[in-house]
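Structure record follows, encoded as structure tokens.
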Number of protein chains: 2
Amino acid sequence: MKTRDKILLASLELFNERGERNVTTNHIAAHLAISPGNLYYHFRNKSDIIYEIFLEYEKLVDFYLDIPEDRSLTLEDLTFYLESVFDGLWSYRFFHRDLEYLLDSDNRLRRDYRDFTNRCLGSIRLIFEKMAEAGIIEPQPVDLRTAMSLNVWLVITNWMAFLKTAHAAEDSNNLTLTELKQGIYQVLTLEIPYLTPAYREQVMALREQYRPSLPA
Amino acid sequence: MKTRDKILLASLELFNERGERNVTTNHIAAHLAISPGNLYYHFRNKSDIIYEIFLEYEKLVDFYLDIPEDRSLTLEDLTFYLESVFDGLWSYRFFHRDLEYLLDSDNRLRRDYRDFTNRCLGSIRLIFEKMAEAGIIEPQPVDLRTAMSLNVWLVITNWMAFLKTAHAAEDSNNLTLTELKQGIYQVLTLEIPYLTPAYREQVMALREQYRPSLPA
DNA sequence: GACTCACTAGAGTATATACTCTAATAATAG
DNA sequence: CTATTATTAGAGTATATACTCTAGTGAGTC
């Protein structure tokens, strides 16, 4: 593997493990047993590394949330979207942790992330529309759909922070992907009141699969 | 005012303005035109300052969210709770920004914050119960109420981060309390499907007061 | 075999950061 | 007034951090 790619991979790994704030460029170089000079040959600075990782993350999520327009949406699709988005959050989990600082230090990232958010919100809205078309949920006025999509986004992107801050005992690093995916339970909670009788039971059963094992 | 209190006040102000990560103890001392030595006479370290500020925040929110058991809940109460919580979030807005890092650096804070979260979740659940008792919303099974309370908490505590990362153009510092309180619109969105016919219109009108002026 | 060029090592640097130490001054108690 | 205690200044320190600079190395090309 190319050194450049190794740097990106190691950075992501260390960022996820210890948090971006606690990982220096020297740490990354040491972890790879390369020199700092070598690292700085491949990247102008730390922000550049983070920006590149963001581009990967963005590409992944954009790929998952590419909603096909030509066919109607099934419950399997919905499950796939939810699972995929939480997989993405997991793989790049350092990112949302220090988001505000990262955006403050890199305007290019700020702009791209804002667009990314809006694209995600658009996809969520579209999923709601197609769920209504498919008869899974009752159709709702556009205003409500927009506000609901935003709430879904808030729950999805901040579920991990909640787990890390409210749940974990002494350190926040023993979080598992399984626990993270209990966020799907929370997201589906938002949709309960809008389910059609035809699909109610199926969706409730789906939701049940993600119920947290230990109640808070 | 005592130097100790001035340090706490200046720290809070600087943290809110620039983010905890960008504010050093030397900055705080310089801002107050006192020596670093003086600052360290009053506080053992930076974590201690942050912990003290958290205790204030905690006290404030606990005070606001002290739900009276002996009388039923009105819409005015609900408005008060929502307004107060967002006021608190505003006054201590640095806190949720770097939350994970702060908790990782201070186990005492981690424990206290976890308890604080659970108390808040309890209060939200209680508010839901009392709203049902008052006939504002339909009563719901306890499981659903718990999951809903958690979603409310997620929306409340992360609304600001959303505004700062997705909304603001070039820097995230031009956020106003008014914009922050549009979070109330999002919170009330969660409750719409559960409103009783008797209160539906009133709550919808209340929600309307917080509608964002410019749609995203 | 000289030359190029992508790549790498590793020492080094300017700056920042959290925090310490000593000495001095103000406030207070007896 | 004196002794003690609380408070403050300000220089200083150890360490960390992002990043630079110079001197290569090694694989391929003509």
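Numbered from 1 within each chain, the chains take letters A, B, ... in sequence-line order.
- Checking C:dA9, C:dG10, C:dT8 against the side-chain heavy atoms of A:Y41 singles out C:dT8 as nearest.
- One interatomic measurement links the two molecules: OH of B:Y40 to C1' of C:dT20, which rounds to 10 Å at whole-angstrom precision.
- One interatomic measurement links the two molecules: CD1 of A:I28 to P of D:dC19, which rounds to 11 Å at whole-angstrom precision.
- Here C:dA9 is the nucleotide among C:dA9, D:dC19, D:dT17 with the atom lying nearest to any side-chain atom of A:N38.
- Under the 3.5 Å distance criterion, with hydrogens and angles disregarded, no donor-acceptor pair is assigned to the side chains of A:D98 and B:Y101.
- Looking at heavy-atom distances under 4.0 Å, B:L39 makes no contact with the nucleic acid at all.
- A donor-acceptor contact closer than 3.5 angstrom links the side chains of B:T74 and B:D77.
- Aromatic ring centres of A:F128 and A:Y194: separated by at least 6.0 Å.
- Per the geometry, CE belonging to A:M1 stands 13 Å off P belonging to C:dT8, to the nearest Å.
- Electrostatic pairing of B:R21 and A:D104 does not count as a salt bridge here, judged by no charged N lying under 4.0 Å from a carboxylate O.
- Taking side-chain N and O atoms only, A:K2 has no distance below 4.0 Å to OP1 or OP2 of C:dA6.
- When rounded to the nearest whole Å, the span between CG of A:D106 and P of D:dA18 equals 15 Å.
- The phosphate of D:dA16 has neither OP1 nor OP2 within less than 4.0 Å of any side-chain N or O from A:T24.
- The 5' end of DNA chain D is approached more closely, in terms of each residue's nearest nucleotide, by B:R4 than by the other of B:R21 and B:R4.
- Look at CG on B:N22: it is 16 Å from C1' on C:dT15, rounded to the nearest Å.
- Counting to the nearest Å, the P atom of C:dT17 and the CD1 atom of B:I50 are 14 Å from each other.
- Between D:dA16 and A:H27, no contact under 4.0 Å exists linking OP1 or OP2 to a side-chain N or O.
- The B:I34 side chain lies nearest to D:dA9 when the options are D:dA9, D:dT17, C:dT20.
- Rounded to an integer number of Å, the gap from CZ of A:F43 to P of D:dT17 is 20 Å.
- When the nucleotides D:dA9, D:dA18, C:dC19 are ranked by their closest atom to the side chain of B:N26, C:dC19 comes out on top.
- For the residue pair A:T25 and A:Y40, a side-chain donor N or O sits within less than 3.5 Å of a side-chain acceptor on the partner.
- When the side-chain nitrogen and oxygen atoms of B:S35 are compared with OP1 and OP2 of D:dA9, one or more of them lie within a distance under 4.0 Å.
- Proximity of a side-chain donor or acceptor of A:D66 to a complementary backbone N or O of A:F63 within less than 3.5 Å is not detected.
- Here A:A29 lies out of heavy-atom contact (under 4.0 Å) with every strand.
- Of the candidates D:dA11, C:dC7, D:dA9, the closest approach to any side-chain atom of A:H42 belongs to C:dC7.
- Following rounding to the nearest Å, B:L14 (CG) and C:dT17 (P) show an atom-to-atom distance of 13 Å.
- For A:T25, whose side chain is taken as the heavy atoms from C-beta onward, the closest listed nucleotide among D:dG10, C:dC7, D:dC19 is D:dC19.
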